[in-house]
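Hydrogens, waters and symmetry mates play no part in the numbers below; they use all other heavy atoms, side chains included. Remember, it's 1-based here, ligands and their atoms both numbered in the order they're listed.
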Amino acid sequence: MYRILDILKEEKGYLSGEAIGKRLEISRAAVWKGIQRLRKEGYEIEAVTNKGYRLTAYDTMYNQRELETGLRTQKMGRPLYFYPETDTTNHRIRELALEGAPEGTLAVAEKQTAGRGRLGRHWEAPAGTGIWMSLLLRPNIVPAEASVLTLLAGIALTEAVQDVTGLSPAIKWPNDILLNGKKLAGILTEMDCEMSQVHFIVSGMGINVNTAEFPEELRDIATSLYLESGRTFSRRQLLQRVLECFEGLYHEFLQAGSFSPFLERYRAKCLNLGKEVRVIGRETFLATALDITPSGELVVKRQDTGKEEIIFSGEVSIRGEEQRI
Ligand code: ADP
């Protein structure tokens with residue numbers, strides 16, 4: 001049936017059942033059956049007497065087949081698993097990793113029923129509006145280096161959004177992507193490791209793409225590409241661009257063996273530097289964010305003691321001056 005889909009995509013206009021049947025050497029009845037199955041999957045196919053079949057807009061289609069079509073990566077998103085609904089894509093990748101799945105394996109969900117942020121916080125991930133996905137990585141690094149993968153994912157997300165939409169989001173260290181002061185996307189990096197060795201890393205990403213409305217409690221702090229621009233975007237195109245951007249950065253990171261080559265890019269996109277932040281962890285205090293270290297930590301100057309301190313991403317949340325996000 002996908003061969004029928006490919007023919008309809010190529011044709012753009014109407015094509016008779018007979019013509020399709022001839023090309024594929026199947027009967028008109030078989031073409032009809034294939035069309036019915038494609039419609040069941042959500043493809044809109046018009047049928048007009050004396051003209052034939054025509055595929056109407058499929059750019060909004062979001063399934064395994066469409067996400068794989070036109071993906072220009074070597075590794076990332078190969079293979080790709082699509083779930084109409086799942087608890088979290090990080091769970092799916094964890095399971096797949098334990099079964100021996102290769103680096104680059106991707107889980108994409110139309111809807112997450114138990115989406116999470118850091119420290120088990122809820123992440124709103126309804127159907128039809130966003131990109132909820134997790135990537136399996138198997139880098140040969142020690143656990144202490146793993147947090148830079150969150151920062152790399154942050155750079156990939158901002159670059160991909162910029163490429164596809166022309167909008168320029170910023171990064172709130174370590175794992176949030178903000179647009180006009182509100183949260184557009186989040187990153188949740190989890191790892192499976194021993195003291196001295198990383199077994200695998202799950203890089204989870206959530207992007208609000210075409211969300212028109214958020215639940216009450218998120219209205220002031222969350223946003224989407226649609227809400228900021230008044231335009232809807234193809235989730236497929238953006239997802240593919242994120243994978244392409246991430247693949248390039250990840251390759252460069254492994255070659256360099258450090259995050260140093262990315263520091264300048266990260267600093268330029270990081271909106272906390274030079275600003276006051278509230279560090280919320282075992283201890284809560286106000287500080288000025290000064291810099292990012294080559295291993296991805298945040299250097300701050302505490303306001304109470306006047307001393308510099310290094311903040312590790314796993315332990316804390318920070319809030320900007322306005323203290324909402
Ligand atoms: P933090 O900003 O403290 O690092 P997390 O990265 O753990 O937070 O993300 C979880 C938080 O993000 C939730 O507590 C909620 O406030 C917010 N949130 C949940 N779902 C969404 C969403 N779809 N878009 C933007 N923000 C969200």
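Scanning R118, H122, K183 for the heavy atom closest to atom 9 (O) of ligand 1 points to K183. With atom 24 (N) of ligand 1 as the reference point, the heavy atom nearest to it among N208, T129, I187, I177 is part of N208. For atom 25 (C) of ligand 1, the choice among A185, A222, P215, G206 with the nearest heavy atom turns out to be A222. Taking only non-hydrogen atoms, the option from W173, W132, W123 nearest to atom 22 (C) of ligand 1 is W123. Distances from atom 2 (O) of ligand 1 to the heavy atoms of L184, T223, D176 put D176 nearest.
Only the side chain of I221 comes within contact range of ligand 1, with a heavy atom under 4.0 Å; no backbone atom does. Under 4.0 Å from ligand 1, not a single heavy atom of L119 appears. The proximity of E217 to ligand 1, defined as any non-hydrogen pair under 4.0 Å, does not occur for either the backbone or the side chain.
Those atoms of ligand 1 that come under 4.0 Å of a heavy atom in E124, given as number and element, are 19 (C), 20 (N), 21 (C), 23 (N). Using a 4.0 Å cut-off to heavy atoms of L218, the atoms of ligand 1 that qualify are 15 (C), 16 (O), 17 (C), 18 (N), 19 (C), 20 (N), 21 (C), 27 (C). For ligand 1, the atoms closer than 4.0 angstrom to any heavy atom of R121 are 1 (P), 3 (O), 4 (O), 5 (P), 7 (O), 8 (O), 10 (C), 14 (O). For ligand 1 and R319, the ligand atoms under 4.0 Å from any heavy atom of the residue are 2 (O), 3 (O). For ligand 1 and K172, the ligand atoms under 4.0 Å from any heavy atom of the residue are 2 (O).
Looking at R23 and D6, no side-chain N of the basic residue comes within less than 4.0 Å of a carboxylate O on the acidic one, giving no salt bridge. A salt bridge links E283 with R302: the distance from a Lys NZ or Arg NE/NH1/NH2 to an Asp or Glu carboxylate oxygen falls below 4.0 Å. Taking a cutoff of 4.0 Å between a charged side-chain nitrogen and a carboxylate oxygen, R235 and E66 do not qualify as a salt bridge. At a threshold of 4.0 Å, the pair R65-E41 does not count as salt-bridged, since none of the basic side-chain nitrogens sits closer than that to a carboxylate oxygen.
Shown here for T89 and S134, the closest heavy-atom pair between the two residues is OG1-OG, 2.6 Å. Pairing each heavy atom of C245 with each of D163, the nearest pair is SG-OD2, 4.0 Å. Counting all heavy atoms, side chain and backbone alike, L136 lies closest to A97 at CD1-CB, 3.6 Å.
Ring-centre distance between Y250 and F246: below the 6.0 Å cut-off.
If you chain together hydrophobic residues whose side chains sit under 4.5 Å apart, M76 and Y83 never meet in one group.
Residue contacts with ligand 1: R116 is excluded, as none of its non-hydrogen atoms falls under 4.0 Å.
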